2 protein chains.
Amino acid sequence: MRSKLPTIKDIAKELNVSVSTVSRALRGMPEINEETRKRIVKYSEEIDYQPNMVATSLVKRNSHLIGVLVPNMDYFFATAVKGIDEAAMEAGYTVVISQSNESYGREVANTQRLMNSQVEGLIVSLSRETQNVEHFKRVQRKQSPLVFFDRDFPGLEGSKVLLNNELGAETAVSHLIDQGCRRIAYLGGQANLAISNSREKGYTEALKKAGLEIKSEYIIHGEFEKESAYNNMLDLLQLAEPPDAIFAMGDRMALGAYKAIKEKGLRIPEDIAIVGFNDEPIMSMVSPSISSVAQPAFEMGKMAARLFIEQLNSQEGYKNRLETFVPHLMIRESSMKIK
Amino acid sequence: MRSKLPTIKDIAKELNVSVSTVSRALRGMPEINEETRKRIVKYSEEIDYQPNMVATSLVKRNSHLIGVLVPNMDYFFATAVKGIDEAAMEAGYTVVISQSNESYGREVANTQRLMNSQVEGLIVSLSRETQNVEHFKRVQRKQSPLVFFDRDFPGLEGSKVLLNNELGAETAVSHLIDQGCRRIAYLGGQANLAISNSREKGYTEALKKAGLEIKSEYIIHGEFEKESAYNNMLDLLQLAEPPDAIFAMGDRMALGAYKAIKEKGLRIPEDIAIVGFNDEPIMSMVSPSISSVAQPAFEMGKMAARLFIEQLNSQEGYKNRLETFVPHLMIRESSMKIK
DNA sequence: TTGTACGCGTTATCAT
DNA sequence: ATGATAACGCGTACAA
């Protein structure tokens, strides 16, 4: 279906003026007679004329579309996307979102698809599976802006908006130490994940600074899901010296540990304190509420969009930028031993 | 930045053939000499030629872009969008997402923005504030496909993908009755909201069928947020005959009630049972876990995209379609009084 | 099988 | 102040 829409040609014909006059009038160029401009504007509104952005894009060589590729739409990414959207909108850009579902294959496919969908460049957060970033080379060869956020990878080239994960972890663990915890365990992700490693580093740093021993049996590399953390927590509870605090690299994992601890009849935070990472809404909804390291997701998204547009408007020889954000610890019941 | 990209013209010049030959070869048209096609394909790959979709869109008069407008990115919509994306991708379409943040003003603005961004039509879920749907008339005048999902409004014209909310509510309340509950309260939204009313209707239906009295003090019209439900629940507990079960029109509200009940030292489900609506992940994560009515979000999204594409490919005189989905009750600890 | 020429809707350049 | 015309990159009748 879809019938033919009116174009500036139709307007020109109807009003006996040239297309250029119509074009100029509609775009409010100065050199137009006020009379004719009014006639043109009036008639355009009558027939509900809408400019065809595709044609404009072709001439101007831009689509004003930004491709966004995220692993999923959990709270963090949904919020970040809102930030991207807001900044993009302000600058007159529209966002095309695509989810990789944490799958490398889909990430590659979606990268292609987005680039073929007229987007002017990409804002990307890598999938958890991604261990190869060749598919982005194409984007760069095209000289298109490429901004990564939240997730990094060795050898990745492009502007980046990252969180100081190490600092976040260190802050969280130091807080647990301040609360009197001495046997703090780390529930982390697979050993090759950049984010997990940064947070682990922050964890060990905090322990070192406090002069506490780093015990390998307190450092767990598991899956991201709740179930995995639940099982790992049960194992931790079997230790001769079970931990008196848990720092989890993600809220899902924190919730798994939380469940295991509760089921064993132990008290939170009295017996075992917990701090998670991401500050998902659920953390404040459960009882006792759970402390968590919050990321400025919205701000990070905004910044990503800003870097994108900056690069778009830049001249030859743009240098990739790196913006690092500082996380903020949300202290809740699960880690408040000292009232 | 952004340098000039190679076009079929460049390829034609380099290979001493005409642009039409290149165009045909690249799109695998049959009437091309196998020799020349190989030369062309080979060279195109060498210089990493990427077709300019903007130009193609202009000629073909389609952008293969679907505009999606959702109120937010909570679990339901995130999942629905995944469904839309999947079906769209299969059909060669790309999705442009925009969030209204439950604001009428943003909905209107985003509708305009999307339509100006070359999308071929819209898949929309209304914002909670929306009480006027004039802004969609424009889309329809353009003969563009318009599909609404999840949220309806009187007088709204377009294809629709809805949930049988009444049935969902009735199922939930009947289940509570089966579990022995007799004083069931309904935590609903503002009185002018279609979804809230449908669910309220299901609630009263179930009571009627069981021959139970419908008490107005058990029917609450509040806000969607947890806090509002929390306060309303506290009020309910003050009644001479407090309810022995809560059916909430949304999970957030269920969580608010949940919190109030727990704080008052009452047991769930023994003293008061709870059923929510939406089946957000959190419902299975808390303890006791909370029953909830699940919507087939992914399938609903897929269907919306299918209707969209169907309409796009249809001839003159397409009739709007209505697809209704059946919800499914997830029974969990919060409503299992009979083991 | 291949080439020529025009059109898609708009903007930009150069005249008038 | 306005008009004619050539782009933008690609697809496609029509010709050859």
Side-chain angles (χ1 to χ4, degrees), chain A residues 2-41 43-44 47-65 92 115-120 142 144, chain B residues 2-41 43-44 47-65 92 115-120 142 144:
Chain A
R2 283 172 307 152
S3 60
K4 191 187 172 301
L5 296 170
T7 71
I8 52 175
K9 260 183 201 166
D10 302 322
I11 301 177
K13 202 174 293 170
E14 174 70 24
L15 268 42
N16 285 317
V17 291
S18 74
V19 289
S20 8
T21 305
V22 178
S23 174
R24 287 190 272 247
L26 258 25
R27 280 177 304 148
M29 309 228 80
E31 69 268 41
I32 282 282
N33 184 312
E34 197 50 36
E35 294 285 322
T36 48
R37 113 118 28 64
K38 279 187 180 155
R39 278 173 59 217
I40 292 172
V41 169
Y43 181 66
S44 303
I47 63 171
D48 190 31
Y49 165 78
Q50 298 281 24
N52 183 323
M53 297 297 287
V54 177
T56 308
S57 293
L58 185 57
V59 177
K60 298 278 205 66
R61 292 169 148 156
N62 61 23
S63 63
H64 276 218
L65 250 34
M115 289 311 289
N116 284 338
S117 297
Q118 331 154 12
V119 303
E120 302 194 24
K142 218 175 153 181
S144 302
Chain B
R2 283 174 307 155
S3 61
K4 191 188 173 300
L5 295 170
T7 72
I8 53 174
K9 250 184 210 167
D10 301 323
I11 300 178
K13 202 175 294 170
E14 174 70 26
L15 268 42
N16 286 317
V17 292
S18 73
V19 288
S20 30
T21 305
V22 177
S23 172
R24 289 191 270 248
L26 257 25
R27 279 174 308 139
M29 308 230 83
E31 71 268 35
I32 283 283
N33 184 311
E34 198 48 38
E35 293 285 322
T36 49
R37 112 113 36 58
K38 279 187 180 157
R39 277 173 60 216
I40 293 173
V41 170
Y43 182 66
S44 303
I47 63 172
D48 191 31
Y49 166 77
Q50 300 280 24
N52 183 325
M53 297 298 288
V54 176
T56 310
S57 293
L58 186 57
V59 175
K60 299 277 205 65
R61 293 167 148 156
N62 61 23
S63 64
H64 275 218
L65 250 34
M115 289 312 288
N116 284 339
S117 297
Q118 332 154 11
V119 303
E120 302 193 24
K142 220 176 151 180
S144 302

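In what follows, chains are A, B, ... by sequence order, proteins preceding strands, each numbered from 1. None of these values were measured; they are calculated from a predicted model.
Residue B:Asp10 comes nearest to B:Leu5 through the heavy atom pair OD2-O, 4.0 Å, listed as atom of the first residue, atom of the second, then distance.
For B:Met115, the side-chain contact (heavy atoms from CB on, under 4.5 Å) criterion is met by B:Val119, B:Leu122, B:Val139, B:Lys142, B:Ser144, not counting sequence neighbours. Partners of A:Glu14 under the side-chain contact (heavy atoms from CB on, under 4.5 Å) rule, at least two apart in sequence or in another chain, are A:Tyr43. In this structure, the salt bridge (Lys or Arg N to Asp or Glu O under 4.0 Å) partners of A:Glu34, at least two apart in sequence or on a different chain, are A:Arg37. A:Thr21 is linked by a side chain to side chain donor-acceptor pair (under 3.5 Å) to A:Ser18, counting only residues two or more places apart in sequence or in another chain. Considering only residues two or more places apart in sequence or on other chains, A:Asn33 meets the side chain to side chain donor-acceptor pair (under 3.5 Å) condition with none of them. With sequence neighbours left out, the side chain to side chain donor-acceptor pair (under 3.5 Å) criterion links B:Thr56 to no other residue. For B:Lys13, there are no side-chain contact (heavy atoms from CB on, under 4.5 Å) partners, not counting sequence neighbours.
Among the atoms of the strands shown, only primed sugar atoms or phosphate atoms (P, OP1, OP2) are found under 4.0 Å from some heavy atom of A:Val17.
For the contact set between residues 8-15 of chain A and DNA chain C, defined by any heavy atom under 4.0 Å, the members are A:Ile8, A:Lys9. Scanning residues 29-38 of chain A for heavy-atom distances under 4.0 Å to DNA chain D yields A:Glu31, A:Ile32, A:Asn33, A:Thr36.
The distance between atom CG of B:Asn16 and atom P of C:dT4, rounded to the nearest whole Å, is 12 Å. Taking atom CE of A:Met53 as the reference point, atom C1' of C:dG9 lies 12 Å away to the nearest angstrom. Here C:dC8 presents its C1' atom at 9 Å from CG of A:Asn52, a figure rounded to the nearest Å.
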Dump every N/O contact between nucleotides 13-15 of chain C and the protein below 3.5 Å, one line per pair.
none

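In this structure, the side chains of A:Leu26 and A:Ser44 come closer than 4.5 Å at one or more pairs of heavy atoms. Side chains of A:Ile47 and A:Ile11 form a contact here, defined as non-hydrogen atoms less than 4.5 Å apart.
In terms of modelled atom types and a separation under 3.5 Å, the side chain of B:Asn62 and the main chain of B:His64 share no donor-acceptor contact. Using modelled atom types, one side-chain atom of B:Ser57 and one backbone atom of B:Met53 make a donor-acceptor pair closer than 3.5 Å.
Going from atom CD1 of B:Ile8 over to atom CD1 of B:Ile40 covers 10.0 Å, rounded to the nearest 0.5 Å. In this structure, CZ in A:Arg39 is found 7.5 Å from CG in A:Asn16, a value given to the nearest 0.5 Å. Annotation: the span from B:Thr7 atom OG1 to B:Asn52 atom CG amounts to 9.0 Å, rounded to 0.5 Å.
Protein chain B contacts DNA chain D from D:dC8 to D:dA13, reading 5' to 3' and using non-hydrogen atoms of the protein with a distance under 4.0 Å.
Within the structure, a side-chain polar atom (N or O) of A:Arg27 is placed less than 4.0 Å from OP1 or OP2 of C:dA12. When the side-chain nitrogen and oxygen atoms of A:Tyr49 are compared with OP1 and OP2 of C:dT10, one or more of them lie within a distance under 4.0 Å. Phosphate proximity of C:dG3 to B:Ser18: present, with a side-chain N or O under 4.0 Å from OP1 or OP2.
With distances taken from any side-chain atom of A:Lys60 to the nucleotides C:dC8, C:dA12, C:dG3, the minimum falls on C:dA12.
Within a 6.0 Å radius of CD in A:Glu31, more than 12 heavy atoms belonging to other residues, nucleotides or ligands are found.
Note that the two end axes of the helix from C:dT1-D:dA16 to C:dT16-D:dA1 enclose an angle of 40°, each drawn from 5 base pairs, rounded to 10 degrees.
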